[in-house]
Structure formats: C-alpha cells, structure tokens
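These notes concern the structure reproduced below.
Excluded from the calculations below are hydrogen atoms, water molecules and symmetry mates; all remaining heavy atoms, backbone and side chain alike, are included. Every chain is numbered from 1 and lettered A, B, ... according to where its sequence line falls, protein lines coming before strand lines.
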There are 2 protein chains.
Amino acid sequence: MLSIGKLSGATGVKVPTIRYYEQIGLLPRAGRSTGNQRLYDRPAVERLAFIRHARELGFSLEDIRELLALADDPEKPCAAADLIAGRQLAAVNARLRRLEALRDELQRMLAQCTSGRIADCRVIEVLGNHALCAHDHAEAAGA
Amino acid sequence: MLSIGKLSGATGVKVPTIRYYEQIGLLPRAGRSTGNQRLYDRPAVERLAFIRHARELGFSLEDIRELLALADDPEKPCAAADLIAGRQLAAVNARLRRLEALRDELQRMLAQCTSGRIADCRVIEVLGNHALCAHDHAEAAGA
DNA sequence: CCCATATCTATAGTCGATACAGGTTTAGAC
DNA sequence: GTCTAAACCTGTATCGACTATAGATATGGG
C-alpha cells in the first residue's frame, strides 16, 4: 500500500491534485491508515495514470469521468469511447488551425516592427486595427 | 456617447466583460449619465477594440495592461512591445508543437480502434498505458 | 525518543470571464 | 403623459482545473 506521496511520485500527479480528484469524485475515497492517512493499492495507481494520460491528451475531467465509466465495463461496445476521442480530435484540429493563424499574425507583426519608437511600432498598430490583419483569427486564443 | 450595450455591439465584447475590465482597472472608469449608466466616447471604443484584438491573439490581460501603457506613450522605444509579442509568439509555437503531437496520438488511437467491445478498445487501452504512445506529449493539454 | 518530513482538513485564491438576483433607468409605442 | 419592455445597475456566486495557505496531526529514520 502506498501513501499519497508515493502515489504522486509514481504517477506524476501532484498530491493536492489527487485529493482534489477524490473530492470531486473522479477517484473513489481512499482507504485510510490508523492515523487517517490515505492508502492506495496497485489499481489506484493505474486509474490515476489513466487520468493523467487523458489529461495530457487534453480531455476534460468530465470526458475522463465518462471514459472511466466505459473502461470499468468491458462488455460495452466502444463506440462511445470512439466518439469522445473523435470529439477531442476535432477540438485539437480546430485549435491547431487557429493557432497557426495566430502564429502567422504574430510573425507578421514582429517582422514589420523596426524597433523604433512606439509611435511607429507595428505591434501596437496592428493590435489597434484588426483591418491590418492578414487572417481572420477570431476566438483563436482559447484553450 | 454610447451606452455599454452599443459599445458591446461595436466591439464584440460582451457587456459583463466590459464591466469586468473596468473593475480590474483595464478600462478607466466610465463617465455616467444622470441615471448612473455608463457612457463611452470614440477613444473608449478604440481602446476596447485593441484589448479584444490582443485577447484574440492570446495575450494575457497582464500583457495587455503593459501594451496599453506602451501605446499611451508614443515616444518610448518599442522594444518592450516587441518583447511581449515575441514572448507570445514563442508560447504559441510551443503550443502548436504539443498540439501536433496530440493530434497524431489521437489519430493513431482512433485508427486502431475496431469499434468492438470496450475490452478490445484501443482508445481505452492507449489511455491506460502511456508506453503505447508514439510521442512524448506531456503537458500538451494546457492553454 | 526525537524531530524533520509528510500528511491531514478547511478555506481562499488563480484566470478570464459568465450567470444570477433584485432593483432602476431609458426609449419607444400609444 | 403614461406604460412597458428592454437595457442598465450592483453585488455575489459559479465555472474548470487546479494551487496555495494555515494550523494541526502522523510517520519514519537515526
């Protein structure tokens, strides 16, 4: 049985984050030592590693809640998991496209700046006037 | 002079967001009508459009605070604005690289899934075992 | 047995908004 | 001039996903 600190070390998830996951019901309530400290077994490590990996892939905690429910029921068809992953892929692709537009815009801004006075600064000017943009990058900043 | 609703319409920034910006000091306190409603002039529209555009380009509100201070002082050298924009470009490029790794991983997960039962689902399996990943995508999810 | 480290709970703060409740002002139709 | 619906006001709470803090308790190595 592992302490919360060892679990943290084994999974790379910070201690307060593990407690937070338990609090919101993403992890089951951990068993306790005589001194009321949390104790974890092997399956707990795997469950948390699954969560961490899914977070790295950009899944929301709600998505992960669904995925965990699916993973716990191996007889179900996996179309639902597919759907969640597909949704995630679409979101990632959308973010990619918008970020590419942003990158182009920022590069253009910087390339034009002659590093003179603010009055001549293209960075400030472009920010003040969307019409100077080469792209439509609305709502590109999110997530 | 424009009401807050007209300002919102003119800039695409939602009414509560405008009040929020005023609250955190990003916008100066607006003048008021006899009935205590906020009134805005032309320069206010430009300032808010500047903020909106910078937000779209992914600048944080703190970055924008700096950029506004620079924009208000046209005699200053623009190296500082350059620096902020360069920082932003680096952050965008980092996000892009990580998102590309994510996209590849999600595509791989989905391509391998035969849409059978959960027990055979590659999506679930890959999420449970980072070793199956082709890429290192740690911390790719953020922002 | 001691003490540094780890753990416990509860609460507040982060960022960038957004939502809501309950009240007031304004603008347009009649 | 009056009515009413829409827009506006303030203040507070909520969102997601944590992170930080304070003050108390438990554990483990020397």
Side-chain angles (χ1 to χ4, degrees), chain A residues 1-27 29-40 44 48 50-68 87-88 91 95 138-143, chain B residues 1-27 29-40 44 48 50-68 87-88 91 95 138-143:
Chain A
M1 298 293 257
L2 307 173
S3 70
I4 197 170
K6 305 287 181 193
L7 177 64
S8 172
T11 58
V13 178
K14 286 177 191 157
V15 168
T17 305
I18 296 172
R19 288 196 280 249
Y20 168 71
Y21 286 166
E22 179 180 320
Q23 191 194 312
I24 65 169
L26 201 60
L27 290 175
R29 274 194 230 167
R32 298 299 179 116
S33 73
T34 47
N36 196 35
Q37 302 199 352
R38 288 172 182 82
L39 290 176
Y40 297 92
L48 186 53
F50 182 103
I51 293 172
R52 179 175 187 208
H53 197 184
R55 284 295 297 136
E56 282 171 0
L57 286 166
F59 291 91
S60 72
L61 293 183
E62 276 320 297
D63 284 341
I64 293 171
R65 217 186 277 275
E66 281 183 70
L67 287 169
L68 283 169
R87 208 200 295 144
Q88 184 60 22
R95 271 192 275 170
E139 292 174 47
Chain B
M1 298 293 258
L2 307 174
S3 70
I4 196 169
K6 305 286 183 197
L7 176 64
S8 171
T11 58
V13 178
K14 287 178 190 156
V15 169
T17 303
I18 297 171
R19 288 196 281 248
Y20 168 71
Y21 286 165
E22 178 179 322
Q23 191 194 312
I24 63 169
L26 201 60
L27 291 176
R29 274 193 231 167
R32 300 297 181 121
S33 73
T34 47
N36 197 35
Q37 302 199 351
R38 288 172 182 81
L39 290 176
Y40 297 91
L48 187 53
F50 181 103
I51 293 171
R52 177 173 189 211
H53 196 183
R55 285 293 298 138
E56 283 170 359
L57 286 168
F59 291 90
S60 72
L61 294 183
E62 277 320 295
D63 284 341
I64 294 170
R65 216 185 277 275
E66 281 184 68
L67 288 168
L68 283 169
R87 209 201 293 143
Q88 184 60 22
R95 270 192 277 171
E139 294 173 47

Exercise for review: May I have the distance from A/Glu22 (atom CD) to C/dC8 (atom P), rounded to whole angstrom?
Suggested key: 9 Å

Exercise for review: Ignoring backbone atoms, establish whether B/Tyr21 has a side-chain N or O less than 4.0 Å from OP1 or OP2 of C/dG16.
Suggested key: no

Check your understanding: Under the side-chain hydrogen bond (donor to acceptor under 3.5 Å, both in side chains) rule, what pairs show up with a residue in residues 14-27 of chain B, not counting sequence neighbours?
Key -> B/Glu22-B/Arg38

Point to revise | Most 5' of A/Ser33 and A/Leu61 on DNA chain D, judged by nearest nucleotide | key: A/Leu61

Practice item. Check side chain to side chain contact (heavy atoms under 4.5 Å, CB included) between B/Ser8 and all other residues, then give those that pass, not counting sequence neighbours. Key: B/Val15, B/Ile18

Check your understanding: Tell me: CG of A/Leu7 to P of C/dT7, nearest whole Å?
Key -> 10 Å

Review point. Should B/Thr17 be listed as having a side-chain N or O under 4.0 Å from OP1 or OP2 of C/dG16?
Key: no

Point to revise | Atom-pair distance (CG on B/Leu26; C1' on C/dA17), nearest Å | key: 13 Å

Point to revise | Taking every non-hydrogen atom, the tightest pair across A/Met1 and A/Leu39 | key: CE-CB, 4.2 Å

Point to revise | Atom-to-atom span, CG of A/Leu2 to C1' of C/dA6 - whole angstrom | key: 15 Å

Check your understanding: With the sugar-phosphate defined as primed atoms, P, OP1 and OP2, and the base as all remaining atoms, what B/S/- string results for nucleotides 3-12 of chain D, 5' to 3', for protein heavy atoms under 4.0 Å?
Key -> -----SSB--

**Study point:** Check against side chain to side chain contact (heavy atoms under 4.5 Å, CB included), A/Val13 and A/Arg55
**Key:** CA-CA 11 Å; A/Val13 178; A/Arg55 284 295 297 136; over 6 Å; no

Exercise for review: Give the rounded distance in Å between these two atoms: OH of A/Tyr20 and C1' of C/dT11.
Suggested key: 15 Å

**Study point:** Spacing of A/Phe59 atom CZ relative to D/dG16 atom P, expressed in whole Å
**Key:** 18 Å

Practice item. Quickly work out the B/Glu62 CD to C/dT14 C1' distance and round it to whole Å. Key: 12 Å

Study note, to complete from the structure: In whole angstroms, the gap separating P of D/dG16 from CG of A/Asp63 amounts to 12 Å

Exercise for review: Taking atom CZ of A/Arg32 as the centre, report whether more than 12 heavy atoms of other residues, nucleotides or ligands fall under 6.0 Å from it.
Suggested key: yes

Point to revise | Straight-line distance of A/Leu68 CG to A/Asp63 CG, nearest 0.5 Å | key: 11.0 Å

Review point. Side chains of B/Glu66 and B/Glu62: does their closest heavy-atom pair fall under 4.5 Å?
Key: no

Practice item. Would you please confirm or rule out a distance under 4.0 Å between OP1 or OP2 of C/dA17 and any side-chain N or O of B/Lys14? Key: no

